[in-house]
Amino acid sequence: QVQLVESGGGLVQAGGSLRLSCAAPGRTFGHFAMGWFRAAPGNERDFVAAIRWTNRSTYYADSVKGRFTISRDNAKDTVYLQMNSLKPDDTAVYYCARQFGIISDQALERSTSYRDWGQGTQVTVSS
């Protein structure tokens, strides 16, 4: 397993924006995907967004569609999560993760599909 490194979390007022980054060293060829998950206090990790590295297909949880955008920079081996129109309900620890192999769109939403994880970065949205 490889430790991924997230950055960009912080405190923001409702309606504001943040951009999270995740550096993903190591293997960047073949079929794999990067995902973002989040965990509010006392809750399990929930799927937020994912991107397939080969064709850039993107996937979003219904709760963030239209507000969050996942993207990647091949040259930097980095994935981003642009978060706009933030709400207090978005408050959580955000984790990035990497998955290898060809899996279904539905499987991309399961945390158990991912092998490598970051340590998490706190996002707090005040009302």
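- Remark: the backbone N or O of P88 is not paired with any side-chain donor or acceptor of S127 at under 3.5 angstrom.
- Judged by distance alone, the side chain of E6 and the main-chain N or O of C96 form a donor-acceptor pair under 3.5 Å.
- The structure places CD of Q119 at 9.0 Å from OG of S7, a figure rounded to the nearest 0.5 Å.
- Judged as a side chain to side chain donor-acceptor pair (under 3.5 Å), the pairs with a partner in residues 11-25 (not counting sequence neighbours) are, in order, S17-N84.
- In this structure, F68 and Y94 have tilted ring planes: the angle between them lies in the 30° to 60° band.
- Cluster membership for M34 and L81, using ILVMFWY side-chain heavy atoms within less than 4.5 angstrom, is shared.
- Among all heavy-atom pairs drawn from V79 and S71, the shortest one is CG2-O, 3.1 Å.
- Under the 30°/60° scheme for interplanar angles, the aromatic rings of F37 and F47 are found to stand perpendicular.
- Residues V48 and Y80 are members of separate hydrophobic clusters, defined by side-chain heavy-atom contacts under 4.5 angstrom among Ile, Leu, Val, Met, Phe, Trp and Tyr.
- Between A49 and Y60, the shortest heavy-atom contact is CB-CD2, 3.7 Å.
- With sequence neighbours excluded, the residues forming a side chain to side chain contact (heavy atoms under 4.5 Å, CB included) with D105 are R52, Y59, listed by chain and number.
- Counting all heavy atoms, side chain and backbone alike, I103 lies closest to S113 at CD1-CB, 3.9 Å.
- In terms of modelled atom types and a separation under 3.5 Å, the side chain of Q3 and the main chain of V5 share no donor-acceptor contact.
- In this view, S85 and R67 satisfy the side chain to side chain contact (heavy atoms under 4.5 Å, CB included) rule, not counting sequence neighbours.
- In this structure, CD on Q82 lies 9.0 Å from CG on L20, to the nearest 0.5 angstrom.
- With hydrogens and angles ignored, the 3.5 Å screen pairs a side-chain donor or acceptor of Y114 with a backbone N or O of L108.
- The side-chain heavy atoms of W117 and R45, taken from C-beta on, include a pair separated by under 4.5 Å.
- Distance check: W36 CH2 to I51 CD1 gives 12.0 Å after rounding to the nearest 0.5 Å.
- Residue R56 holds its CZ atom at 11.0 Å from OG1 of T54, rounded to the nearest 0.5 Å.
- In this structure, L11 shares a hydrophobic cluster with no other residue, the cluster being traced through Ile, Leu, Val, Met, Phe, Trp and Tyr side chains under 4.5 angstrom apart.
- Contacts of R115 classified as side chain to side chain contact (heavy atoms under 4.5 Å, CB included), with partners at least two apart in sequence or in another chain: Q1, V2, F100.
- Side chains of V64 and R38 form a contact here, defined as non-hydrogen atoms less than 4.5 Å apart.
- Here the closest non-hydrogen pair linking L18 and L86 is N-CD1, 3.9 Å.
- Within the 4.5 Å cutoff, the side chain of Q122 has heavy atoms near those of the T91 side chain.
- For T112, the side chain to side chain contact (heavy atoms under 4.5 Å, CB included) partners are R110, not counting sequence neighbours.
- Between M83 and V123, the shortest heavy-atom distance links the atoms CE-CG2, 3.9 Å.
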(request) Evaluate side chain to side chain contact (heavy atoms under 4.5 Å, CB included) for W53 paired with N74, printing each intermediate quantity in order. (result) CA-CA 8 Å; W53 212 256; N74 273 9; 3.0 Å; yes
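- Taking 4.0 Å as the cut-off between side-chain N and carboxylate O, D90 and K87 do not count as a salt-bridged pair.
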